[in-house]
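For this chain, numbers begin at 1 and follow the sequence in order. Just so you know, ligand 1 is whichever comes first in the structure, and atom 1 is the first atom listed for that ligand.
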Amino acid sequence: MCGIVGYVGERRAAPVVLDGLRRLEYRGYDSAGVAVIAEGELRSVRRVGFVAALEAAVPANLPGHTGIGHTRWATHGGVTEANAHPHLDSTNRIAVCHNGIIENHSVLRARLEEEGVVFRSETDTEVLAHLISKFYTGDPEAAVRQTLGHLQGTWGIAVIFADHPGLIVAARNGSPLVVGKGEGETFIASDPHALAAYTRQVVYLEDRDIVTIRATGWTVSRLDGAGVSRGVELLGEEWTSEGRGDFSHHMLKEIHEQPESLARCLLGRVVPDEGGARLGGLDLSPRDIAAIRHVRVLGCGTSFHAGLVGAAAMEGLARIPATAEIASEFRYRNPVVAPDDIFFAISQSGETADTLGAVREVQIKGGSVLGVVNVVGSSIARSCGRGVYVHSGPEIAVASTKAFTSQVAAMLVASLSFARTRVLGPHEGKAFGEELLSVPSRVAEWIGSEAPGLMDAVELCTQGKFVFFLGRGVSHAVALEGALKLKEVAYIPCMAYPAAEMKHGPIALLDKRTPVVVVVPDDVMRDKILSSVQEVRARGARVIVVHTEGDEAAKRLADVSIAVPRSSTLISPLFTVLPLQLLAFRAGLALGRDIDRPRNLAKSVTVE
Ligand code: M6R
């Protein structure tokens with residue numbers, strides 16, 4: 001959703017800020033703006049639409065070495081230039097970019113209007129510009145601090161003052177901000193990805209921090225004025241990779257990156273010699289693991305689907321009762337949290353408001369929650385304090401692909417570790433670990449050989465009325481994920497069902513114009529799913545079967561068949577999801593969709 005970038009240093013600020021905003025485009029936004037301090041004045045440009053439109057409007061060679069910029073995803077007020085950030089105070093000497101929501105903005109606005117302030121936008125953010133101006137008596141940080149004391153809600157803000165070239169004041173509460181340390185230059189951004197081309201040295205701010213940034217360094221203090229020091233951390237090398245390389249789309253690139261992202265996730269964690277796994281970040285002793293009564297997994301969208309596989313593995317492999325739940329539902333149903341439950345919160349971005357809310361609910365109720373997160377230093381990772389980084393590297397396409405497989409892999413590793421402590425002998429553990437370690441190269445092999453059948457499947461799906469996805473057990477989670485991908489990327493209506501549930505109602509929808517994608521790895525449920533395939537065929541529907549290579553019976557039942565490598569059941573989602581990711585990509589392409597930035601969607605959903 002919204003993004004912030006700020007720069008102070010030797011370079012001209014505008015191109016650096018615009019470049020950072022381009023790197024944040026993947027988050028989803030509808031307007032963008034930039035403000036710089038040039039020749040003692042604030043120069044601000046805003047535009048509705050893409051950063052390219054803003055870039056075209058910013059004068060070439062705009063001077064000024066201090067600047068801030070923003071990409072806005074509308075919440076308060078429509079998508080207009082007037083509502084785009086940065087917002088300026090009435091004197092046009094102070095500019096503010098803001099992520100988050102100021103909950104008491106109407107009260108503050110009414111008070112300011114009574115005092116004669118004329119507002120120029122419908123946003124909650126504009127109150128910040130006017131309040132800072134009201135409290136400003138020459139000390140920028142003091143004015144920001146005093147303003148924040150009047151706010152209820154969440155913020156990540158960056159503020160510049162025309163009177164103070166060479167200085168940015170930023171603050172965080174519920175919306176992430178990271179400082180980037182360069183040589184004689186300093187950056188601020190809502191997402192480290194915006195900075196990765198300039199520096200890998202970053203400082204993650206905590207809620208209620210205020211930071212004053214200069215080219216030569218920064219000082220952090222707390223909202224109450226107390227001083228605090230925050231350490232510099234090094235961004236993982238994978239975060240510096242950028243661009244689409246030789247690929248036409250980020251989504252396709254990320255699908256093809258799965259062998260490496262999976263290898264990074266498994267590296268050093270699976271230990272076949274011990275028949276187990278080591279996940280130091282979980283900070284659980286064998287005694288702690290032995291005492292767990294129930295594993296509960298929380299997440300939204302794709303992360304929830306990975307959670308379903310994770311819960312199945314915890315139960316199937318580690319023999320611990322396990323369930324997965326959509327985080328947005330969990331947080332509001334006053335859930336019972338038992339002291340011997342252990343929670344996993346799965347999130348690619350680590351910023352999903354619903355998942356973060358669920359984490360807080362668990363913590364309020366005294367529960368332990370471990371993060372399974374991609375973005376290092378993100379709010380969920382910090383809130384949980386312990387967990388597993390999945391190390392997918394930056395995922396730019398809105399549709400999540402490589403994060404899903406890494407989340408599944410991380411949950412499989414955690415399940416192996418728990419299983420080894422509780423029920424599994426060294427030989428069984430070793431076999432599972434070795435199979436896991438073989439996945440990246442087998443995925444590479446499969447992806448390298450464009451699946452026969454894929455384009456026929458694309459044709460069926462793009463011509464159908466809507467598409468059904470069926471599977472059982474972990475393959476039901478894969479069916480859900482395949483349907484979500486096709487909805488997001490191709491805008492094709494889809495439904496996913498556990499295969500046996502079809503006959504309890506949805507089968508009424510089937511006719512020859514409803515393609516059905518069936519995920520049927522060769523496992524104990526295979527014969528039962530193939531019976532469901534027969535039922536579907538008997539209603540005239542066309543069937544696309546994703547099956548294990550060499551399964552001739554499954555192939556014979558299919559109108560279109562796509563084979564994936566053989567694996568054990570719990571590992572199968574790492575293979576069966578691949579053709580479904582490609583199906584969505586190719587269908588989106590065939591229908592001319594904006595694949596990397598589907599309509600209405602944002603990459604990280606930081607509002608409820
Ligand atoms: O960043 P998160 O993993 O917490 O995001 C959760 C969902 O918003 C996300 O998976 C969404 O469903 C994706 N667009 C799916 O492709």
| task | Distance to 0.1 Å, residue and atom name: give those for the protein heavy atom nearest to atom 8 (O) of ligand 1. | result | Val605 CG2, 4.0 Å
| message | Assess the residue pair Phe343 and Phe330 against the criterion (ring-ring contact (aromatic ring centres under 6.0 Å, His included)); give the C-alpha distance rounded to whole Å, side-chain angles, the decisive distance to 0.1 Å, and a yes or no. | response | CA-CA 12 Å; Phe343 285 80; Phe330 174 87; 5.6 Å; yes
| Salt-bridge present (Asp594, Arg599; N to O < 4.0 Å) | no
| query | For Thr405 and Gln258, does a side-chain donor sit closer than 3.5 Å to a side-chain acceptor? | reply | yes
| query | At what distance is the nearest protein heavy atom to atom 10 (O) of ligand 1, and which residue and atom is it? | reply | Thr302 N, 3.1 Å
| Evaluation steps, salt bridge (charged side-chain N to carboxylate O under 4.0 Å, His left out), between Lys485 and Glu488 | CA-CA 5 Å; Lys485 288 289 93 86; Glu488 280 185 299; 3.8 Å; yes
| message | I'd like to check which ligand 1 atoms, numbered from 1 as shown, lie under 4.0 Å from a non-hydrogen atom of Val398. | response | 13 (C), 14 (N), 16 (O)
| Taking NZ, NE, NH1 and NH2 as the nitrogens, is one of them in Arg333 or Glu329 under 4.0 Å from a carboxylate oxygen of the other? | no
Show which side-chain atoms of residues 471-478 pair as donor or acceptor with protein atoms under 3.5 Å away, not counting sequence neighbours.
none

| field | Closest approach of any protein heavy atom to atom 6 (C) of ligand 1, naming residue and atom | value | Cys300 O, 3.3 Å
| Mind checking whether Leu484 has an N or O less than 3.5 Å away from an N or O of ligand 1? | no
| field | Atoms in ligand 1 with a heavy atom of Ala399 nearer than 4.0 Å | value | 16 (O)
| query | Considering distance alone, does some N or O of Lys485 sit under 3.5 Å from an N or O of ligand 1? | reply | yes
| message | If the cut-off is 4.0 Å to any non-hydrogen atom of Gln348, which atoms of ligand 1 fall inside it? | response | 1 (O), 2 (P), 3 (O), 4 (O)
| query | If you measure from the Lys or Arg side-chain nitrogens to the Asp or Glu carboxylate oxygens, is any gap between Glu260 and Arg264 under 4.0 Å? | reply | no
| said: With respect to Thr352, determine whether any N or O atom, backbone or side chain, lies less than 3.5 Å from an N or O atom of ligand 1. | reply: yes
| note | protein heavy-atom neighbour closest to atom 13 (C) of ligand 1 works out as Glu488 OE2, 3.4 Å
| Would you call Glu395-Lys402 a salt bridge at under 4.0 Å N-O? | no
| For Ser303, atoms of ligand 1 separated by under 4.0 Å from a heavy atom | 2 (P), 3 (O), 10 (O)
| query | Please state which protein non-hydrogen atom is closest to atom 1 (O) of ligand 1 and give its distance, to 0.1 Å? | reply | Ser349 OG, 2.6 Å
